[in-house]
**Student:** 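Sharing a structure below in C-alpha cells format, with a few things to ask.
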Protein chains: 2
Amino acid sequence: MKPAATLKKISESLGISISTVSRALKNHPDISEATKKKVWDLSNLLDYEPNANAINLRTNHSKVLGLIVPVISGYFYDSLIASLEEETRLHGYSLLILQSGDDPMVELNNLKLCKQNRVAGVFVSLSTNTVEISPFKKLSDNDIPVIFLDKVPTDVDCNKICVADVAATTLAAEALVEAKKKNILGLFGNSKMSITQERKAAFHQFFAINAPKIKLQIADAINPMEAYQRTIDIWKQAKKPDAIFCMSDEILTGVMKAVQQLKLQLPTDLGIIAISNGFIPQLYYPEITYTETSGYKLGKLAYTRMVSCLAGSSFIQNLKVDAVLVRGGSL
Amino acid sequence: MKPAATLKKISESLGISISTVSRALKNHPDISEATKKKVWDLSNLLDYEPNANAINLRTNHSKVLGLIVPVISGYFYDSLIASLEEETRLHGYSLLILQSGDDPMVELNNLKLCKQNRVAGVFVSLSTNTVEISPFKKLSDNDIPVIFLDKVPTDVDCNKICVADVAATTLAAEALVEAKKKNILGLFGNSKMSITQERKAAFHQFFAINAPKIKLQIADAINPMEAYQRTIDIWKQAKKPDAIFCMSDEILTGVMKAVQQLKLQLPTDLGIIAISNGFIPQLYYPEITYTETSGYKLGKLAYTRMVSCLAGSSFIQNLKVDAVLVRGGSL
DNA sequence: TGTTTTATCGCAAACCTTTGCGACAATGTT
DNA sequence: AACATTGTCGCAAAGGTTTGCGATAAAACA
C-alpha cells in the first residue's frame, strides 16, 4: 500500500530541506535541537528506516558480507554459519548466505551474486570439485577480501582458516595409545577430499613414529551407511579391533549404529574415539570421546580475520582453530 | 585496488552513451548487433556485474528475501533454512538470514535490518517470548509480505505455515494403539510454547476419545538433559511404561541416551515413537519410528506461498505441511 | 523529389542518500 | 559602526541504473 518513508517525504512534510533531515537524524551539531526533535518525532511516526541501497550506492561501501558453503544443514556447517552470522550481526554487518550444493557452477554463480550485491567481503567454503579459484582472486583485486574456510584451495596465496586436522588426529591417536589399544580400526571418509588425506596421513604417521607395534586397520566410507556396513563386516572377522577411530561425525554415526546393533558395550567391548563438532558424541551413552573441531570457533576466528582484512590488512594468513580433546566414556 | 566496472566506464571506453550500454547488455532490440558485441566483449573483459544497489534503488524492488529465526543450528532450522535458501536462489532471489537468539529485542532489530535492506519479503519464526507482532504487520502495510513459519503468533490475521501438529501427534498415537501399548509415557517440551500445548492437547484428546483405557503418564522436559533424567527416574518405578512418545527431536535424544544407559532393547523392552525432522531417528539401531514434520517441506511450502504473496495475493492463509508416519524398528 | 518508415542511439529524470560548501541572520567583538 | 564569529540551514553533485521520449540518419515508399 504505502511506500516506505524517505528523507524527502519527511523534509516536505516539515518544510525543510532533505540535507537538514539527514543531518538531524544523525545528530549533526549543525542542526538545532528544535529541528532535531521535529524530525525525530516525524521519522518515528512514519517508521522511517534509511534505505541501505541508497547508502551503499552513495558511500560505495556496504554492510553485507557474503558466505558461500556447500550445504547449510549438516554436521558442521550449521554451527559454523550460526557463529558467523552472530558475529557479523553483532558488529553491524549482515550475512548473505548462499549454498553451492557442492556444485562448482552454482558456486560461481553465488560469487556473482555477491559481486552484484557489492558485499564488503566474502567467506567461502569450496565445493569438493572446485578447481578454478581465479574468480575468487579477482574479487581480492577489487578490494573485496575473500576468506576461505575449512574447504580451502591448495593454493598458498590466499587467506585460509581451517580446523587443525593434524593436531586433532594426533590428539586422538595419543588418546588411543594412552588407553593401551592394540588393534585399531581407522575409518575415514571420501578419500578424494583433502581433509581425508590429511587426517589419514597424520594418523599413519603418528603410529609409525610413536607406536609402530600397534596393529592398524584402515577403511574408507563415503557416508554413514558405508561406515555402518564396514563395521558390521569387520565384526564378522575372527580378530576384532579393540578400538575404532572415526574421522568425522558422519563416520561416527554409522559406526555407532553398528555398535548398537552388535550390542557392544563401550568402552569394555570396544573403545571409540572420533573427530567431531561435538553434537553427535553427546547423543550416546556413554558419551563419545572426541577431539573437537568446532565450527563455532572457526566462525569466530574467520570473522576476526575478516575484520582485519576490511581494515586493510593485505597480508595472507593461514590460521587454524585449535583442537581439544573432550573425554567421554567411550574409550 | 580497482573499483568495480560500471555502465559509465564501459560507455566512456566505447564512446557511446550509458543507456545504449544498458540496453545492449539486456539485449534490447533497439541496439545493433555490432554495438551489442562491442559492449558484450568489453563487459566480459572488465568482469562487469550490475550494481544491485543501484538497480534496487531505481526499480524500487529488490531480489532479496529476509529470514529471521531463533537459531540457525539445531534439530529443525538448519533443514528449513537449507530448503528456503535453495528455493529462493533457484528463483533468482537471495536470502538474508538473521538469528534472533530467541530474543524479542534482537528479533525486532533484525526486522529493522530487513526494512533497511528493502527486502522484497520476510519469513519469520518467532522467538519464544515475542508478544508484540504489530511491527511485523506494519511491514505488510508497506507491501512487503510477512510469512510466519513454525513458531507463529496466535493472531489469526496473518500468513502462517506450520507443521501439522495435531495430525503428527494423532498419527503417532494411532501407531501406539496399533502396537497395543498399554502404559504410555508422553514426554513433552517447554510447556510455555504453543507447539507443546497443541501437541499435548492432541495427545490427550486422541486417547480420551479412542483408547480411554490406555494408561497415560505425562512429563515435561525443557531440554534433552531433562528428558534423559525423567526417563531414568521413571525407570526406577515399579510399573514401567511399555512405550514412550517423544514430542520432538530434543526429547528423543535425551530419552535415547537413557535407553542406552538402561540397556533397554527396542522394541521388546520398550517401544519408542517420536515427532521428528527425520535426522535423529536414523542414528539409532533400530531406527526410531516417527511422524515426520519436515523442515525441508516447510521451507518449500513457505516459498511458494511467498511467491503468491509477491504476486499480489493478499488473502491470509494458514497452511500446514502434512505429517507422515515413517516406520523404523522401535515400536 | 518529397515523405514516411525504420533502425539506432542519446538526453534527462528519477530512485535515496551523503556531504562539501556557501548563504544568511543573529550575535559578539573592537 | 564595521567587522568577525557563530549557529542553522539549503544547494547541488555524486553514486549506478532504468526508461520514456525525442533525435538523427538511412532506407523505403510514393
Side-chain angles (χ1 to χ4, degrees), chain A residues 2-40 42-43 46-64 112 115-120 142-144, chain B residues 2-40 42-43 46-64 112 115-120 142-144:
Chain A
K2 223 176 41 174
T6 67
L7 292 183
K8 191 205 275 195
K9 260 187 253 172
I10 296 179
S11 76
E12 285 170 353
S13 302
L14 256 35
I16 59 182
S17 79
I18 294 179
S19 33
T20 300
V21 177
S22 173
R23 289 188 171 100
L25 285 174
K26 33 175 56 80
N27 222 7
H28 193 286
D30 266 11
I31 309 300
S32 72
E33 289 303 324
T35 311
K36 277 180 190 170
K37 179 158 172 33
K38 281 195 304 182
V39 172
W40 239 87
L42 185 58
S43 81
L46 299 181
D47 278 317
Y48 171 78
E49 292 291 344
N51 186 328
N53 290 309
I55 296 179
N56 294 347
L57 192 58
R58 168 64 223 236
T59 62
N60 210 5
H61 152 37
S62 94
K63 283 293 203 179
V64 176
K112 244 186 215 175
K115 284 189 68 174
Q116 295 181 355
N117 283 92
R118 297 299 191 265
V119 297
N142 288 19
D143 250 356
I144 301 179
Chain B
K2 222 177 40 175
T6 67
L7 293 184
K8 192 203 277 198
K9 258 186 256 173
I10 296 180
S11 76
E12 284 171 352
S13 302
L14 257 35
I16 58 183
S17 81
I18 295 178
S19 32
T20 300
V21 177
S22 173
R23 289 188 171 100
L25 285 173
K26 33 174 57 80
N27 223 7
H28 193 288
D30 266 12
I31 309 300
S32 72
E33 290 303 323
T35 313
K36 277 179 189 170
K37 177 153 173 37
K38 281 195 305 184
V39 171
W40 241 88
L42 185 58
S43 80
L46 299 181
D47 278 317
Y48 171 77
E49 293 291 343
N51 186 328
N53 290 309
I55 296 179
N56 295 346
L57 190 59
R58 168 63 224 240
T59 62
N60 209 8
H61 150 36
S62 94
K63 284 294 203 178
V64 176
K112 243 186 216 176
K115 285 189 66 173
Q116 295 181 357
N117 282 91
R118 297 298 191 265
V119 297
N142 288 20
D143 249 359
I144 115 172

**Student:** Take atom NZ of A/K8 and atom P of C/dT17, then tell me their distance rounded to the nearest Å.
**Tutor:** 10 Å
**Student:** What heavy-atom pair brings A/S62 and A/A120 nearest, and what distance separates the two atoms?
**Tutor:** O-CB, 3.5 Å
**Student:** Taking NE2 from A/H61 and C1' from C/dT17, how many angstroms apart are they, rounded to a whole number?
**Tutor:** 15 Å
**Student:** Please round to the nearest 0.5 Å and tell me the distance separating atom OG of A/S43 and atom CG of A/L25.
**Tutor:** 5.0 Å
**Student:** Identify which one of B/N56, B/N117, B/V64, B/N60 satisfies the side-chain contact (heavy atoms from CB on, under 4.5 Å) criterion when paired with A/N53.
**Tutor:** B/N56
**Student:** How many Å lie between CG on B/N60 and P on C/dT17, as a whole number?
**Tutor:** 11 Å
**Student:** Can you tell me how far the CD1 atom of B/I31 sits from the NZ atom of B/K38, to the nearest 0.5 Å?
**Tutor:** 11.0 Å
**Student:** Within this structure, what is the CD1-to-C1' distance between A/I55 and D/dA14, rounded to whole angstrom?
**Tutor:** 15 Å
**Student:** Answer yes or no: is there a donor N or O on one side and an acceptor on the other, between the side chain of A/K9 and the main chain of A/L46, under 3.5 Å?
**Tutor:** no
**Student:** Closest approach to the side chain of A/L7, judged atom by atom: which nucleotide of C/dT17, D/dG10, D/dT17 is it?
**Tutor:** C/dT17
**Student:** Nearest 0.5 angstrom please: B/N142 CG to A/D47 CG, how far?
**Tutor:** 7.5 Å
**Student:** Between atom OH in B/Y48 and atom C1' in D/dG16, what is the gap in whole Å?
**Tutor:** 7 Å
**Student:** Rounded to whole angstrom units, what separation is found between the CG atom of A/N53 and the C1' atom of C/dC15?
**Tutor:** 10 Å
**Student:** Begin with the C-alpha distance, continue with both residues' side-chain angles, and end with the deciding distance and a verdict on salt bridge (Lys or Arg N to Asp or Glu O under 4.0 Å) for A/E33 and A/K36.
**Tutor:** CA-CA 5 Å; A/E33 289 303 324; A/K36 277 180 190 170; 3.7 Å; yes
**Student:** Just do the side-chain contact (heavy atoms from CB on, under 4.5 Å) check on B/I55 and A/Q116 with the steps written out, would you?
**Tutor:** CA-CA 10 Å; B/I55 296 179; A/Q116 295 181 355; over 6 Å; no
**Student:** When all nucleic acid strands are considered with a 4.0 Å heavy-atom cut-off, which category describes B/T6: base, sugar-phosphate, or nothing?
**Tutor:** sugar-phosphate
**Student:** So, for B/S11 and B/I18, which heavy atoms are closest and what is the spacing to 0.1 Å?
**Tutor:** OG-CG1, 3.6 Å
**Student:** Within this structure, what is the CD-to-P distance between B/Q116 and C/dC16, rounded to whole angstrom?
**Tutor:** 15 Å
**Student:** Which of residues 20-38 of chain A have a heavy atom under 4.0 Å from DNA chain C?
**Tutor:** A/S22, A/R23, A/K26
**Student:** Taking atom C1' of C/dT17 as reference, at what distance in whole Å does atom CG of B/L57 sit?
**Tutor:** 8 Å
**Student:** Specify the residues of residues 9-18 of chain B, ordered by number, for which at least one heavy atom lies under 4.0 angstrom from an atom of DNA chain C.
**Tutor:** B/I16, B/S17
